[in-house]
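Here's the structure, in structure tokens; my notes come after.
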Amino acid sequence: MKRFVSIVCSTCLLALPLFQTVGAVNVEHIEAMNPKEIYLPNAQSRSEPYHDTIVIDDGTEEGYVISVEIADGIVKTEHTEDDGSLTVMSTDTSTGVTTTEVFQDGEIAETYSEKSQGVAEAQEAAEAQFNARASGYIWNSSYTNIGSVTYKANVYTGEKMTLHFQARETGHFFQVSKSLSGVKGKTVQAAVHEFIDWAEIKNLFVLVSTASEIVSSLISKGILTVMDGLITAVLSPSVTATGMNYDVKAKEPVGGITITTEGCYFQCVSGSKMNEIFTEGYYPQFIKEKDKYIASTFFSYFRDGGYDGVEKFSATITVPYK
């Protein structure tokens, strides 16, 4: 989660360090700029280059390590094999072409290009979904009250803060399928790369770590069998995702400061072995789920220290995801 927020005013976009004073957000500075409305984007912003290192649990002690970079419509992954060779995969999401380069001792030993299956499937899914479902929203496109969180007394001030939450749908995806048959015989890197391409084009979820979590789950549940970094068996033909993207707004009564965040909540199903919920960012179901991690994060955006836990979660509505 970013520890800087953006304050949107009518003439500019400025960055403000979040933690300035013990007890609250720096209200005086916010009001001087133009007030009380703070937008906090999700952890990954497509307007800036994204870099990450992910580790897939492939049964080995160190795991399968992949570095990821996304910038200017290019998805790039790198993985170093045990023999020291480096495989670099790059997908141009505008054309769907993936170029793979294998380096030995710093020299290119092999290179080839092919259509990314992840991009192709995402494009087909987008067309099929458009034809199958009416456009628009399936929940509320305007902000709806979803409940509140009351915190235990602040250990520094004694204050019992209550935050009130609203949410709205910003988009949804329904039974979007990703084929698994094409990953047999490929490396774990290639499989993760395809999932990133798929999600990037379809705009399903935004975090690269989510793609790695899905692949890790497919491996741990025995849907994908991995030996020496290669996928040797596939027990299910596809994985299907259904979910919703949201804006979540938190407001505190003292000063009336409002912070708006982004989140995603979705279900992945693959055969009879996988039926799993994944979340990203600040998903609105956190109140019903009594997610103390998300609650503590919201606390930190309003109070710099003194957190002693949650006294009560009060969910006023069940937020759907499909």
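Throughout, residue positions are numbered sequentially from 1 according to the sequence presented. Values below: all heavy atoms of this structure, side chains included; hydrogens, waters and symmetry mates excluded.
- Contact check for T261 versus D247: no side-chain heavy atoms found under the 4.5 Å cut-off.
- A donor and an acceptor atom, one from each side chain of T60 and D58, are located under 3.5 Å apart.
- To the nearest 0.5 angstrom, E110 atom CD is 10.0 Å from S85 atom OG.
- Summarising the geometry of V239 relative to C268, their closest heavy-atom pair is CG2-CB, 4.1 Å, with the distance given to 0.1 Å.
- For H164, there are no ring-ring contact (aromatic ring centres under 6.0 Å, His included) partners, not counting sequence neighbours.
- Annotation: side-chain contact (heavy atoms from CB on, under 4.5 Å) contacts of D291 (sequence neighbours excluded): Y283, F286, Y293, I294.
- Sorted by first and then second residue, the side chain to side chain donor-acceptor pair (under 3.5 Å) pairs with a member in residues 180-194 read T77-Q189, T77-H193, T91-H193, K178-E194, S179-S181, K186-E194; sequence neighbours excluded.
- Among residues at least two apart or in separate chains, side chain to side chain donor-acceptor pair (under 3.5 Å) pairs with a member in residues 217-232 are S217-E276.
- Contact of the R303 side chain with the V254 side chain is registered, since non-hydrogen atoms from C-beta on lie closer than 4.5 Å.
- The nearest pair of heavy atoms linking G222 to L235 is O-CD1, 3.1 Å.
- Side-chain contact of T53 with S67: a donor-acceptor pair under 3.5 Å is absent, judged by distance alone.
- In terms of heavy atoms, A250 sits closest to F302 at O-CZ, 3.6 Å.
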Next on the checklist: As a quick check of understanding, evaluate side-chain hydrogen bond (donor to acceptor under 3.5 Å, both in side chains) for E159 and N154, giving each step before the final call.
Outcome noted: CA-CA 5 Å; E159 174 201 25; N154 189 301; 4.7 Å; no
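- Looking only at atom types and distance, the side chain of S238 has no donor-acceptor partner in the side chain of S177 under 3.5 Å away.
- In this structure, the side chains of F195 and T210 stay at 4.5 Å or more apart for every pair of heavy atoms.
- Screening residues 53-75 for ring-ring contact (aromatic ring centres under 6.0 Å, His included) gives Y64-H79 as the qualifying pairs, with residues at least two apart or on separate chains.
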Checklist entry - side-chain hydrogen bond (donor to acceptor under 3.5 Å, both in side chains) between S90 and T99: does it pass, once the steps are laid out? => result CA-CA 5 Å; S90 299; T99 300; over 6 Å; no
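- Atoms OG and CD1, from S212 and I56 in turn, are 4.5 Å apart once rounded to the nearest 0.5 Å.
- Among residues two or more places apart in sequence or in another chain, the side-chain contact (heavy atoms from CB on, under 4.5 Å) test is passed with K292 by F313.
- Panel note: side chain N145, backbone G147; no donor-acceptor pair is recorded below 3.5 Å.
- For the ring-ring contact (aromatic ring centres under 6.0 Å, His included) test, residues two or more places apart in sequence or in another chain that qualify with Y151 are F299.
- A distance-only check finds a donor-acceptor pair linking the side chain of T242 to the backbone of Q175 [under 3.5 Å].
- Annotation: the span from M274 atom CE to T240 atom OG1 amounts to 10.0 Å, rounded to 0.5 Å.
- Residue F103 belongs to a hydrophobic cluster whose other members are L86, V88, I108, with links defined by side-chain heavy atoms closer than 4.5 Å.
- A search for ring-ring contact (aromatic ring centres under 6.0 Å, His included) contacts involving F278 returns F266, not counting sequence neighbours.
- Alongside I74, the hydrophobic cluster contains no other residue (criterion: ILVMFWY side chains under 4.5 Å).
- G63 and V55 get closest at one heavy-atom pair: CA-CG1, 3.9 Å.
- Nearest heavy-atom pair, L180 versus S270, reported as atom, atom and distance to 0.1 Å: CD1-OG, 3.8 Å.
- Atom OG1 of residue T100 and atom CE of residue M89 lie 4.0 Å apart, to the nearest 0.5 angstrom.
- Rounded to the nearest 0.5 Å, atoms CG (N140) and CD1 (I146) are 11.0 Å apart.
- To the nearest 0.5 Å, the span separating CD1 on I66 from OG1 on T87 amounts to 10.5 Å.
- Using modelled atom types, one side-chain atom of K115 and one backbone atom of T95 make a donor-acceptor pair closer than 3.5 Å.
- Annotation: E114, atom CD; neighbour count of heavy atoms from other residues, nucleotides and ligands within 6.0 Å is above 12.
- No side-chain donor from either of Y156 and Y307 sits under 3.5 Å from a side-chain acceptor of the other.
- Two residues are said to be in side-chain contact when any heavy atoms from C-beta on lie closer than 4.5 Å; E107 and Q104 fail this criterion.
- Taking the six-membered ring wherever Trp is involved, the centroid distance between the rings of Y265 and Y246 does not fall below 6.0 Å.
- Applying the side-chain contact (heavy atoms from CB on, under 4.5 Å) criterion to V269, with sequence neighbours excluded, gives Q267, N275.
- Residues I277 and V248 fall within the same hydrophobic cluster, defined by Ile, Leu, Val, Met, Phe, Trp and Tyr side chains chained together at heavy-atom separations under 4.5 Å.
- Shown here are the side-chain contact (heavy atoms from CB on, under 4.5 Å) partners of D52, two or more places apart in sequence or in another chain: Y50, I54.
- Considering every non-hydrogen atom in both L230 and G185, the closest pair reads CD2-O, 3.9 Å.
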